[in-house]
Amino acid sequence: MFPAQALISWFKKNSRAFPWRNRRGVYGVWISEVMLQQTQASRVIPFYKKWMQRFPSLNSLAQARDEEALLYFEGLGYYKRFHGIMKTARLLSGKSFPKQAELLNKLPGVGKYTAAAIASLVFKQRVAVIDGNVARVLSRYFAIESSCAEIAKDSKTEALVESILPKREYAVFSEALIELGAVVCKKQQPSCNACPLALSCAAWLSKRVERYPLVLGRAQKKVFSTIGIIEKDNQFLLLKRENKTRLTDMWEFPILEHHKQGLSKQAIAKGLREQIGEQIAIEELNLLLTRKLFSFSHSYTSFKAYVEVWASDVKLSHEKLSKKKSYRLAKNARYVRKKALLKKPFGAAAARVREYLLAKAST
DNA sequence: AATCCGTGGTT
DNA sequence: TAACCAAGGAT
């Protein structure tokens, strides 16, 4: 018999205070649940507070400009979440949220977990709420020989959770299971001595807690990139990542991703030229890559980028460029003053370059 | 169905 | 430093 009451009692004494637990309005729960996807609660707090202050309601969000709203998501990562939020906001503008998990699941960016969480927390629907935390707790309690991802998406897990849902306070129970995974039944160094489930936990009873859940390793690819800082009349050239699969609609300095280290400057210049504007002479771009500013590495989800940042000792001017009738800037390119760099949403790698430029008196 | 999508903190 | 991790979803 699963000790549901012990878990609920534990939760009532030990639950952490979060801003999204103050009120249970569907809008706030939705925003918090999306922000919490694959993101630790402590990191979400400041983002959530600023977001709710600026966009306190569904309608205020639906009326917002995408680029301004994206600034409030900058730094959280997995930006598809942001685009899903905006799509859903406009879809629901002037309407009310659906209350059934099945319908919530159809909203952009609202998957099985988030739909169940909203339905349970806000609308008190009796549904299984399964996230990574729950999967880990289950893997240990029942000694399931699978990875968290496999457990979470296995339909049998849903039936398992439904079978242990208590008759009363099932919404609190679901939240407690998540909280237990986050605070006690952690991946590393779980606090089994403080766990209300320990006495009947299969992994704990067999002293094999660290074995669960199973993990599958994956190799990380490497990518080498070169950024060209192009400055003209004290403005920096930026490119907006339109129609890209990652970092969609965010801004960056002209960057060329290549898969070999030590690509020739000529080849890099050519690659950058194609992004910036087709008609810039290669000779000119070569002049733009005369001085290496610094280099750094940045880890993305499935690859690690080794980035070199280059700049020029040659100062361009509008006058000089406009004399070339062949000069044409790409549609997604803008020259931006230093002070305005912070008004554009940047990914972490571009933001790192931005910090470098802002910290320096000049390039 | 396997793969991709970010980031900052921890080990 | 490299590897791993944290309240998933979409294709």
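In this text the structure is predicted, and so the values were computed from the model without any measurement.
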Rounded to whole angstrom units, what separation is found between the [atom1] atom of [X] and the [atom2] atom of [N]?
{"X": "A/K304", "N": "B/dT7", "atom1": "NZ", "atom2": "C1'", "answer": "14 Å"}
{"X": "A/E150", "N": "C/dG8", "atom1": "CD", "atom2": "P", "answer": "16 Å"}
{"X": "A/R43", "N": "B/dG6", "atom1": "CZ", "atom2": "P", "answer": "13 Å"}
{"X": "A/F303", "N": "B/dC5", "atom1": "CZ", "atom2": "C1'", "answer": "10 Å"}
{"X": "A/Q37", "N": "B/dG8", "atom1": "CD", "atom2": "P", "answer": "18 Å"}
{"X": "A/K87", "N": "C/dG9", "atom1": "NZ", "atom2": "C1'", "answer": "12 Å"}
{"X": "A/M35", "N": "B/dT7", "atom1": "CE", "atom2": "P", "answer": "15 Å"}

Any side-chain N or O of [X] less than 4.0 Å from the OP1 or OP2 oxygen of [N]?
{"X": "A/Y78", "N": "C/dA10", "answer": "no"}
{"X": "A/T39", "N": "C/dG8", "answer": "no"}
{"X": "A/H298", "N": "B/dT7", "answer": "yes"}
{"X": "A/K187", "N": "C/dA6", "answer": "no"}
{"X": "A/R136", "N": "C/dA6", "answer": "yes"}
{"X": "A/K221", "N": "B/dC4", "answer": "yes"}
{"X": "A/Q38", "N": "C/dG8", "answer": "yes"}

Regarding [X], tell me which of base, sugar-phosphate or nothing describes its non-hydrogen contacts under 4.0 Å with the strands shown.
{"X": "A/G111", "value": "sugar-phosphate"}
{"X": "A/R246", "value": "sugar-phosphate"}
{"X": "A/T245", "value": "sugar-phosphate"}
{"X": "A/R21", "value": "base"}
{"X": "A/G84", "value": "nothing"}
{"X": "A/V134", "value": "nothing"}
{"X": "A/L247", "value": "sugar-phosphate"}
{"X": "A/F82", "value": "nothing"}

Rounded to whole angstrom, note down the P distance from C/dG9 over to B/dG8. 22 Å

Here's a test of your reading of the structure: between A/L107 and A/L36, which maps to the more 5' nucleotide of DNA chain C? A/L36

I want to confirm an ordering. Mapping A/K112 and A/Q40 to their closest nucleotides on DNA chain C, which one lands closer to the 5' end? A/Q40

Would you call [X] and [Y] a salt bridge, using N to O less than 4.0 angstrom?
{"X": "A/E252", "Y": "A/K240", "value": "no"}
{"X": "A/E179", "Y": "A/R21", "value": "yes"}
{"X": "A/R246", "Y": "A/E257", "value": "yes"}

From C-beta outward on A/D131, which listed nucleotide comes closest to its side chain: C/dG8, C/dC5, B/dA2? C/dG8

Is NZ or CZ of A/R140 both nearer than 6.0 Å to the six-membered ring centre of A/Y212 and within 45° of the ring axis? no

Report yes or no: is the cationic atom of A/K222 (NZ for Lys, CZ for Arg) closer than 6.0 Å to the six-membered ring centre of A/F303, at no more than 45° off its axis? no

Let me spell it out: for each of A/Q189 and A/T248, pick the nucleotide of DNA chain B with the closest heavy atom. Which residue's pick is nearer the 5' end? A/T248

Side-chain heavy atoms of A/W30 within contact of A/L121, under 4.5 Å: no

Please report the C-alpha distance between A/R334 and A/E242 in whole Å, then the side-chain angles of each, then the deciding distance to 0.1 Å, and finally whether the salt bridge (Lys or Arg N to Asp or Glu O under 4.0 Å) criterion is met. CA-CA 13 Å; A/R334 295 284 183 283; A/E242 293 174 337; over 6 Å; no

Should the side chain of A/T114 and the base of C/dG8 be counted as holding a donor-acceptor pair, with the cut-off at 3.5 Å? no

